[in-house]
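These figures come from a predicted structure and were not determined experimentally. Count residues from 1 along the sequence.
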Amino acid sequence: MGFFDFVKHAGEKLFGAKEAEEASAAVASAPDDDAAKARLDELNREAGAAIESYVNTQGLSVTGLTVTFDGSTGVATVFGVAADQASKEKILLCCGNVTGVSQVNDMMSVDQSEPEASFYTVVSGDNLSKIAKAHYGDANQYMVIFEANKPMLTHPDKIYPGQVLRIPPQ
């Protein structure tokens, strides 16, 4: 459990992140404006629901999944019970690799604990072979990383700067 950092302006575009930022700024400049607060609350609920829906489309095994979002801080908070550590980590990545999310607050638990993976943020010029070489000492292990990030990754060559990947222990 804890906070995981992500690149706020990289990832899936699931909701109006800019609109949420503008609503947060409006509330900050006029804290007594009930209409602005209501709009911000509505946008936060919509964003949380969009992230939750995205996670559900990935077919990951989780019970009681709930995702909340705070547009003023860019923090998504995830609750639920994952079947295993890999599913939990993939759920965290689904939530964090969304435009507008800068951190994920992990409030999840797992039914079956396993060793934790590490996370790696893709930089310009990276490919899975280069990442595998850096983490495992063998560029040919790139499929281990690809498989560990399915179903979010659909092709080994389709990664982007700012994306956070799961690097399983070897």
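For the pair Arg166 (side chain) and Ala148 (backbone), a donor-acceptor distance under 3.5 Å is present. Here the side chain of Ser102 pairs a donor or acceptor atom with the backbone of Thr73 at under 3.5 angstrom. Side chain of Glu114 to backbone of Asp84: no donor-acceptor contact under 3.5 angstrom is found. Using modelled atom types, no side-chain atom of Gln141 and backbone atom of Asp138 make a donor-acceptor pair closer than 3.5 Å. Side-chain atoms of Asn44 come within 3.5 Å of backbone N or O of Gly71 as a donor-acceptor pair. Asn149 places a side-chain N or O within 3.5 Å of a backbone atom of Ile145 that can act as its donor or acceptor partner.
Residues Val67 and Leu60 share a single hydrophobic cluster, defined by chaining ILVMFWY side chains whose heavy atoms lie under 4.5 Å apart. Residues Val62 and Leu14 share a single hydrophobic cluster, defined by chaining ILVMFWY side chains whose heavy atoms lie under 4.5 Å apart. Cluster annotation: Ile167 is not connected to Val104 through the hydrophobic network of ILVMFWY side chains, with a link wherever side-chain heavy atoms come within less than 4.5 Å. A single hydrophobic cluster is seen to contain both Met152 and Met108, as judged by linkage of ILVMFWY side chains at heavy-atom distances under 4.5 Å, directly or through other members. Clustering ILVMFWY residues whenever any of their side-chain heavy atoms sit less than 4.5 angstrom apart, transitively, puts Val123 in a cluster other than the one holding Tyr160.
Under the 4.5 Å side-chain criterion, counting only non-hydrogen atoms from C-beta, Val55 is in contact with Leu65. Residues Leu93 and Phe119 have side chains in contact (heavy-atom distance under 4.5 Å, counting atoms from C-beta outward). With a 4.5 Å cut-off on side-chain heavy atoms, Val164 and Leu92 do not count as touching. Contact annotation: the side chain of Ile159 approaches that of Leu128 to within less than 4.5 Å [non-hydrogen atoms, C-beta and beyond]. In this structure, Phe15 and Ile51 have side chains that are in contact, with non-hydrogen atoms separated by less than 4.5 Å. Counting only heavy atoms from C-beta outward, the side chains of Lys88 and Asp106 approach each other to under 4.5 Å. At least one side-chain heavy atom of Ile91 sits under 4.5 Å from a side-chain heavy atom of Val78. Side-chain contact between Val144 and Pro168: present, with at least one pair of heavy atoms (C-beta onward) separated by less than 4.5 Å.
Here the closest heavy-atom approach between residue Pro156 and residue Met143 is recorded as CG-SD, 4.2 Å. Asp111 approaches Ala83 most closely through the heavy-atom pair CB-O, 3.5 Å. Here the shortest heavy-atom pairing between Phe79 and Thr68 reads CE1-OG1, 4.4 Å. Between Ala117 and Pro169, the shortest heavy-atom contact is CA-CD, 3.9 Å. Pro31 approaches Lys37 most closely through the heavy-atom pair O-CE, 2.6 Å. Of all heavy-atom pairs spanning Pro161 and Ala10, the tightest one is O-CB, 3.9 Å.
Ser53 and Asn56 are not linked by any side-chain donor-acceptor pair at a separation below 3.5 angstrom, with hydrogens and angles left out of the test. For the residue pair Asp126 and Tyr120, a side-chain donor N or O sits within less than 3.5 Å of a side-chain acceptor on the partner.
Annotation: Lys8, atom NZ; neighbour count of heavy atoms from other residues, nucleotides and ligands within 6.0 Å is above 12.
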Apply side-chain hydrogen bond (donor to acceptor under 3.5 Å, both in side chains) to the pair Gln103 and Asp5, showing each step before the final yes or no.
CA-CA 4 Å; Gln103 285 188 319; Asp5 292 324; 2.8 Å; yes

- prompt: So Gln85 and Gln112, side chain to side chain contact (heavy atoms under 4.5 Å, CB included) or not? Walk me through it.
  reply: CA-CA 7 Å; Gln85 186 67 30; Gln112 180 182 359; over 6 Å; no

Report task. Verify side chain to side chain contact (heavy atoms under 4.5 Å, CB included) between Lys158 and Leu153, making sure each step is shown before the conclusion. Result -> CA-CA 7 Å; Lys158 293 188 177 180; Leu153 290 184; 5.8 Å; no

Show your working on side chain to side chain contact (heavy atoms under 4.5 Å, CB included) between Asn127 and Tyr142 and close with a plain yes or no.
-> CA-CA 9 Å; Asn127 59 48; Tyr142 74 95; over 6 Å; no

Decide yes or no on side chain to side chain contact (heavy atoms under 4.5 Å, CB included) for Val98 and Phe6, but give the supporting numbers first. CA-CA 9 Å; Val98 170; Phe6 290 83; over 6 Å; no

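Here ring-ring contact (aromatic ring centres under 6.0 Å, His included) pairs that include residues 37-64, with residues two or more places apart or in two chains, number zero.
Rounding to the nearest 0.5 Å places CZ of Phe146 at 9.5 Å from CG of Asp157. The CG atom of Leu43 lies 4.5 Å from the CD atom of Glu19; values are rounded to the nearest 0.5 Å.
Using a 4.0 Å cut-off between a side-chain N of Lys or Arg and a carboxylate O of Asp or Glu, Arg45 and Glu42 do not qualify as a salt bridge.
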